[in-house]
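Working notes, structure below.
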Amino acid sequence: MVNETPAPYRLPDVRTGNGYDVHRLVPGDFVTLCGVEIPHDQRLDGHSDADVGLHALTDALLATCAAGDIGDHFPPSDPQWRGAASDMFLAHAVTIVREAGGVIMNVDVTLIAEEPKIGPHRLEMRQSLARILGISVDRCSVKATTNETIGFIGRREGIAAIATATVVLGEPA
Ligand code: MG
């Protein structure tokens with residue numbers, strides 16, 4: 001890592017990454033969001049468990065190290081990721097950050113869905129993120145909004161997620 005500022009004036013190497021994901025809703029029994037299964041009359045369709053929250057956050061974490069995106073690390077064309085639980089993708093991103101000498105400071109996930117209601121599951125989602133990331137729950141934010149019935153999200157055709165992660169990089173491990 002290049003940090004040529006003289007030591008007394010050296011600033012923390014603070015990195016921010018963002019991520020976005022969307023998956024289609026199809027008839028089903030539950031959706032998995034931020035690692036939490038929520039009973040619903042639809043499910044998210046995708047190669048893995050289609051957890052948009054964890055996918056967006058995986059991209060955000062990878063971005064703090066400019067380490068590409070989730071598709072680079074887990075190609076959808078690879079059959080071994082079929083039906084995979086997405087906490088594995090996020091844990092892989094955590095490993096990459098750690099190997100770069102990074103410490104995860106906080107993460108923030110916004111889920112965009114008409115249904116199901118996220119509020120009753122928010123704390124469990126934050127706890128799920130904290131467990132996977134190995135940081136405290138107070139550093140894991142989960143928010144939700146509807147799309148005001150507009151567009152594909154409004155028509156309940158899909159759920160989207162936006163995520164932000166902040167990492168402080170030190171010396172590589
Ligand atoms: Mg995805």
Side-chain angles (χ1 to χ4, degrees), residues 15-98 100 102 104 106-118 121-122 124-135 140-147 150-167:
R15 305 295 187 91
T16 304
N18 71 55
Y20 169 82
D21 194 32
V22 61
H23 278 270
R24 187 182 297 273
L25 283 163
V26 297
D29 298 326
F30 67 92
V31 293
T32 304
L33 293 169
C34 294
V36 176
E37 291 185 2
I38 303 173
H40 191 46
D41 61 358
Q42 293 174 296
R43 68 174 174 85
L44 286 164
D45 192 33
H47 198 66
S48 65
D49 65 7
D51 187 329
V52 288
L54 294 192
H55 291 187
L57 185 51
T58 298
D59 270 357
L61 267 187
L62 291 173
T64 65
C65 302
D69 60 36
I70 191 170
D72 295 328
H73 294 268
F74 302 98
S77 57
D78 190 332
Q80 70 175 304
W81 312 126
R82 184 175 299 278
S86 295
D87 54 355
M88 183 190 62
F89 304 151
L90 184 56
H92 177 74
V94 171
T95 298
I96 286 177
V97 167
R98 290 209 178 123
I104 301 166
N106 74 295
V107 299
D108 183 24
V109 177
T110 300
L111 300 169
I112 309 163
E114 297 299 322
E115 295 178 321
K117 287 234 177 305
I118 303 301
H121 308 280
R122 185 202 305 260
E124 191 180 355
M125 290 180 182
R126 294 177 59 210
Q127 291 168 335
S128 166
L129 297 184
R131 176 184 59 80
I132 302 165
L133 300 172
I135 62 177
C140 299
S141 166
V142 174
K143 313 194 302 294
T145 184
T146 70
N147 216 42
I150 300 164
F152 73 90
I153 295 173
R155 292 190 297 272
R156 295 164 172 79
E157 293 171 6
I159 290 178
I162 299 169
T164 305
T166 302
V167 164

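Note that ligands are numbered from 1 as they come in the structure, with each ligand's atoms numbered from 1 the same way.
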**Study point:** Exercise: do Thr58 and His73 side chains pair donor with acceptor under 3.5 Å
**Key:**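 Checked: Thr58/His73 side chains show no N/O donor-acceptor pair below 3.5 Å.
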Review point. Looking only at side chains, do Thr32 and Asp51 share a donor and an acceptor under 3.5 Å apart?
Key: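 Side-chain D/A pair, Thr32 to Asp51: absent.
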Check your understanding: Do you know which two heavy atoms are closest between Ala56 and Ala161, and how far apart they sit?
Key ->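 Looking at all heavy atoms of both residues, the closest pair is CB-O, 3.7 Å.
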Practice item. Under 2.8 Å from the Mg ion (ligand 1), which protein N, O or S atoms are there? Could you list them by chain and number? Key: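 Protein N/O/S atoms under 2.8 Å of the Mg ion (ligand 1): Asp21 OD2, His23 NE2, His55 ND1.
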Point to revise | His47-Phe74 aromatic ring centre distance below 6.0 Å | key: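 No, too far apart.
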Point to revise | Exam field: side chain Thr64 to backbone Ala60, donor-acceptor pair closer than 3.5 Å | key: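 No; zero donor-acceptor contacts below 3.5 Å.
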Review point. Which of parallel (below 30°), tilted (30 to 60°) and perpendicular (above 60°) describes His23 and His55?
Key: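 Because their plane-to-plane angle is over 60°, the rings of His23 and His55 count as perpendicular.
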